[in-house]
Q: 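Here's a structure for you.
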There are 2 protein chains.
Amino acid sequence: MANSSTSLPHTDLRIRRTRRLLTQALVDMTAERPLETITIRMLTDRAQVGYATFYRHYASIEDLLRGIVDDLYINLAELLPSLAGAQPERAATLVFHQVREHPGHYRLLLHADRSLGLLDKVVEMGTQALLAAYEARPDSRVPLDVTVDHCIRSFLNLIAWWLSHDMPYAPERMGQIFLDLVLHPMEAMALRPRISLD
Amino acid sequence: MANSSTSLPHTDLRIRRTRRLLTQALVDMTAERPLETITIRMLTDRAQVGYATFYRHYASIEDLLRGIVDDLYINLAELLPSLAGAQPERAATLVFHQVREHPGHYRLLLHADRSLGLLDKVVEMGTQALLAAYEARPDSRVPLDVTVDHCIRSFLNLIAWWLSHDMPYAPERMGQIFLDLVLHPMEAMALRPRISLD
DNA sequence: ATCTTATGATACTCTATAAATCATAAAGTT
DNA sequence: AACTTTATGATTTATAGAGTATCATAAGAT
């Protein structure tokens, strides 16, 4: 108990209700104030559940956060191979669509403290996807690892900028911006697509 | 009292000694463990000063952090105009040299929590410098504000990557990488230098 | 209808923050 | 060198929040 990684589909309505309420409370509150200032008591008050109940599901606020963001990993894991693969134009746009559908959750991911390593996991996933689709140009002045890190973090930066400015452009436009500012320059300078064997 | 913004050059040796010890202790400890896990007691023990003494100089660890990073702003403020100006090649390299001379301090700046707004201040400084030197291309598909944010945060990301990988390349090489991956693509896609009037 | 268990309320321990006090020592001043 | 000022160290106190334990109840599962 008190472990969100026990994520087998729980049947008990009470459990699902409590977790849903606490999740929603955290998403709501992080839109209003910094994460570090949020106490367990605030969360349980907002979610209308008992204080001790929190600890029956999560070991800490960070644990709750982890559980929430884990859901995003699943979505991203499906998109990233195509993002780095044959049609990056479409895939980048798809991610921005995902963000627009769950802005609170992505805000959580992007604003989470570095020490939780939530972003690092995304970077790791993106790295694997990129390396599967691209290889270093033999003549490149830019090392492969720097380039990959730059590409993924710039993508995340674009999402963060878009969210913090209330998503002023369409997902398609943001996808195009990513291609113009990051991906195409990267292809020109450092990486080339691997030869696909299909 | 208890305010680091009282940064007029203090003459009292005891004051300067205490602040130096506490500063060094924080820099040292953040290299070993996440900032949030560091307590006042740990800091004062490491710095070999009394516990209450901390509060005679700083209101909180965040306040101490702010004081440390303020010094970096001064250095950066001198470099940024030239970074965005006539010779970005040299200036980018200069910043990497600065980082190599004070890795602990820059680590502090880059790893500090978002809620402190320390990085935001750097982004703001960089934005002003960039806008002073560049203007939007009339035909650009990429909006000006996104571009500027991307440029500056990518620069900071490069520094962060370099630090976290123990600075494997020379500052000159990192400056070149910044030009290849970020600045030149940006100039090609979105911005052009303002006409200088000298 | 019965069994099972998640919940709410409460009390308690522990840790860390933050402020206050006072004798001492170390700095600055003449 | 003698004097004055004040920063420091040690200690105490109050407060807030994390995290654990207990028990009667209510709500869901079967």
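Heavy atoms only: backbone and side chains are in, while hydrogens, waters and symmetry mates are out. A note on names: the letters A, B, ... follow the listed sequences, proteins ahead of strands, and every chain is numbered from 1.
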Q: I need the minimum non-hydrogen distance between B/Gly175 and B/Thr93, along with the two atoms involved.
A: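 Heavy atoms of B/Gly175 and B/Thr93 come nearest at CA-OG1, 3.9 Å.
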Q: Return the minimal non-hydrogen interatomic distance between B/Pro168 and B/Trp162, and the atom names on each side.
A: CD-CD1, 3.8 Å
Q: For A/Ile40 and D/dG19, give me the distance from atom CD1 to atom C1', rounded to whole Å.
A: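 From A/Ile40 CD1 to D/dG19 C1': 9 Å.
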Q: Roughly, in whole Å, what's the span from CZ in A/Phe54 to P in D/dA21?
A: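 One finds 17 Å between P of D/dA21 and CZ of A/Phe54, rounded.
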Q: Decide if atom CD of B/Gln48 counts as having more than 12 heavy atoms of other residues, nucleotides or ligands within a radius under 6.0 Å.
A: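 Not more than 12 within 6.0 Å, no.
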Q: Measure the distance from CG on B/Leu22 to P on D/dA7 and round it to the nearest whole Å.
A: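 Taking CG of B/Leu22 and P of D/dA7, I get 15 Å after rounding.
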Q: To the nearest Å, how far apart are A/Leu64 CG and D/dA18 C1'?
A: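 It is 15 Å, rounded to the nearest whole Å.
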Q: Mind checking whether B/Phe96 and B/Arg173 have side chains closer than 4.5 Å, heavy atoms only?
A: no
Q: Between B/Leu13 (CG) and D/dT8 (P), how many Å, whole number?
A: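 Going from B/Leu13 (CG) to D/dT8 (P), I get 11 Å.
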Q: For residues A/Leu72 and A/Leu118, determine if any side-chain heavy atom of one lies less than 4.5 Å from a side-chain heavy atom of the other.
A: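 SC-SC contact between A/Leu72 and A/Leu118 ruled out.
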Q: Heavy-atom distance under 4.5 Å between the side chains of A/His102 and A/Leu108, does that happen here?
A: no
Q: Quick one: side chains of residues 23-30 of chain A, donor-acceptor pairs under 3.5 Å with protein atoms, not counting sequence neighbours, listed by atom name and distance.
A:
from, atom 1, to, atom 2, distance (Å)
A/Thr23, OG1, A/Arg19, O, 2.7
A/Gln24, NE2, A/Asp28, OD1, 2.9
A/Thr30, OG1, A/Leu26, O, 2.8
A/Thr30, OG1, A/Val27, O, 2.9

Q: On DNA chain C, check which nucleotide each of B/Ile61 and B/Arg16 is closest to and give me the residue with the more 5' one.
A: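 Mapping each residue to its closest nucleotide by heavy atoms, the 5'-most match is B/Ile61.
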Q: Who are the salt bridge (Lys or Arg N to Asp or Glu O under 4.0 Å) partners of B/Asp180, not counting sequence neighbours?
A: A/Arg141
Q: Could you check how far CG of A/Asp63 sits from P of D/dA18, rounded to whole Å?
A: 14 Å
Q: Counting side-chain heavy atoms from CB outward, which of C/dT17, C/dA20, C/dA9 is closest to B/Ala52?
A: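 Output: C/dA20.
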Q: Pull out every protein N or O sitting under 3.5 Å from an N or O of nucleotides 12-15 of chain D, one pair per line with the distance.
A:
none

Q: Heavy atoms within less than 4.0 Å of DNA chain C: which residues of residues 23-38 of chain B have one? Give them sorted by number.
A: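 Residues of residues 23-38 of chain B under 4.0 Å from DNA chain C: none.
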Q: Tabulate protein N/O versus nucleotide N/O from nucleotides 1-6 of chain C, keeping only pairs under 3.5 Å, one per line.
A:
from, atom 1, to, atom 2, distance (Å)
C/dT5, O2, A/Arg14, NH1, 3.3

Q: Could you give the CD-to-C1' distance, from A/Gln48 to C/dT7, as a whole number of Å?
A: 14 Å
Q: Atom CD of A/Glu62 and atom C1' of D/dG17: how far apart are they, to the nearest Å?
A: 13 Å
Q: If we count only N and O atoms by modelled type, under 3.5 Å, do the side chains of B/Glu124 and B/Gln128 hold a donor and an acceptor together?
A: yes
Q: Taking all non-hydrogen atoms of both residues, which atom of B/Asp63 and which atom of B/Tyr58 are closest, and how far apart?
A: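 Nearest heavy atoms, B/Asp63 then B/Tyr58: OD2-CA, 3.4 Å.
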Q: Please state whether the phosphate of C/dA18, meaning OP1 or OP2, lies under 4.0 angstrom from any side-chain nitrogen or oxygen of B/Tyr55.
A: yes
Q: Tabulate below the donor-acceptor pairs under 3.5 Å that side-chain atoms of residues 151-158 of chain B make, not counting sequence neighbours, or state none.
A:
from, atom 1, to, atom 2, distance (Å)
B/Arg153, NH1, B/Asp149, OD1, 2.9
B/Arg153, NH2, B/Asp120, OD1, 3.3
B/Ser154, OG, A/Ser154, OG, 3.3
B/Ser154, OG, B/His150, O, 2.7
B/Ser154, OG, B/His150, ND1, 3.3

